[in-house]
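What follows is a set of notes on a single structure, which appears directly below.
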Amino acid sequence: MNYNNNKPKIKRRIIFAILIIITAIIQNTGARFNGILSFHAFLLIPLAVSISMFEREITAALLGAFAGLLWDLSSGIDGYNMLVIMIISAVCSILISRVMRNNIVTALVLGLSALSVFIFLYIMIYIVLDGGGNPISQIFRFYIPSFVFTSVFVPFYYYIIKAIFNSNRTVEEM
């Protein structure tokens, strides 16, 4: 077996892991350039979805779990982000490999759908079921503006990941 063919894959996945770490630092430090007023971008979700559009299911799930783990470490939530982002990444990868084409329109559909599912589950688990305040007020003051702000980053991450993938392809991926 010739392992020299795996060098571009390994290099690409290391670059993806570094990009996840950098994005997690930007998202989780609470820096003012990450948020406008009282809402923030959930940058790891469009990044994980974009990566999963170019990787196979297992790799996408593992990189999604890594992104969610980094988010969980800073948020104090035990495993929610890791589990949800891992499942979203695996589902997006399966959809791209079997049902959908890999293009910017699909990236927008998958990215915004993943963001919607993530926010809906979070609201249902941590606000409605846990009694964490007025959910309607939080939806309109924080979650909808955060959704809109995050949606701007979906094409940005898609084109970055596409460029990284195209520059580090193996022979069988061409």
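- Applying the side chain to side chain donor-acceptor pair (under 3.5 Å) test to residues at least two apart or on different chains, none of the pairs has a partner in residues 145-154.
- Residues I94 and M86 are members of separate hydrophobic clusters, defined by side-chain heavy-atom contacts under 4.5 angstrom among Ile, Leu, Val, Met, Phe, Trp and Tyr.
- In this structure the side chain of I144 reaches within 4.5 angstrom of the side chain of I139, judged on heavy atoms.
- A ring pair (Phe, Tyr, Trp, His ring centres under 6.0 Å) check over residues 68-95, counting only residues at least two apart or in different chains, returns the pairs F42-W71, W71-F118, Y80-F118, Y80-Y122, Y80-Y126.
- When every heavy atom of N168 is checked against every heavy atom of R12, the shortest pair comes out as O-NH1, 2.9 Å.
- For the atom pair L73 CG and L69 CG, the distance stands at 4.5 Å (nearest 0.5 Å).
- Two residues are said to be in side-chain contact when any heavy atoms from C-beta on lie closer than 4.5 Å; F16 and E55 meet this criterion.
- A search for side-chain contact (heavy atoms from CB on, under 4.5 Å) contacts involving T106 returns M53, I96, M100, N103, L110, not counting sequence neighbours.
- Between S75 atom OG and Q27 atom CD the span is 9.0 Å, to the nearest 0.5 Å.
- The nearest pair of heavy atoms linking V154 to P46 is CG2-CB, 3.8 Å.
- Residues F147 and L112 meet the side-chain proximity criterion, which asks for heavy atoms closer than 4.5 Å.
- Distance check, rounded to the nearest 0.5 Å: CG of L83 to CD1 of I88 gives 9.5 Å.
- A60 approaches S93 most closely through the heavy-atom pair CB-CB, 3.8 Å.
- The stretch residues 85-104 participates, sequence neighbours left out, in no ring pair (Phe, Tyr, Trp, His ring centres under 6.0 Å) pair at all.
- Residues passing the side-chain contact (heavy atoms from CB on, under 4.5 Å) test with S50 are Y157, Y158, I161, sequence neighbours excluded.
- Considering only heavy atoms from C-beta on, F153 stays 4.5 Å or farther from L47 through its side chain.
- Separation of atoms CD (Q138) and CD1 (I119) is listed at 12.5 Å; rounding is to 0.5 Å.
- Scanning all heavy atoms of the two residues, the minimum distance from R169 to P8 falls at O-CB, 3.8 Å.
- When the side-chain hydrogen bond (donor to acceptor under 3.5 Å, both in side chains) test is applied to R56, no partner is found at least two apart in sequence or on another chain.
- Residues L19 and I160 are in side-chain contact: their nearest non-hydrogen atoms beyond the backbone lie under 4.5 Å apart.
- Qualifying side-chain contact (heavy atoms from CB on, under 4.5 Å) partners for L62, counting only residues two or more places apart in sequence or in other chains: I58.
- K162 contributes atom NZ, which lies 8.5 Å from atom CD1 of I104 (distance to the nearest 0.5 angstrom).
- A24 is linked by a side-chain contact (heavy atoms from CB on, under 4.5 Å) to N28, L44, L70, counting only residues two or more places apart in sequence or in another chain.
- For residues 87-100, every residue pair satisfying the salt bridge (Lys or Arg N to Asp or Glu O under 4.0 Å) rule, not counting sequence neighbours, is listed here: E57-R98.
- Remark: L95 CG to S113 OG distance equals 9.5 Å, nearest 0.5 Å.
- Using modelled atom types, one side-chain atom of S52 and one backbone atom of A48 make a donor-acceptor pair closer than 3.5 Å.
- For P155 against L108, the heavy-atom pair with the smallest separation is CD-CD2, 4.0 Å.
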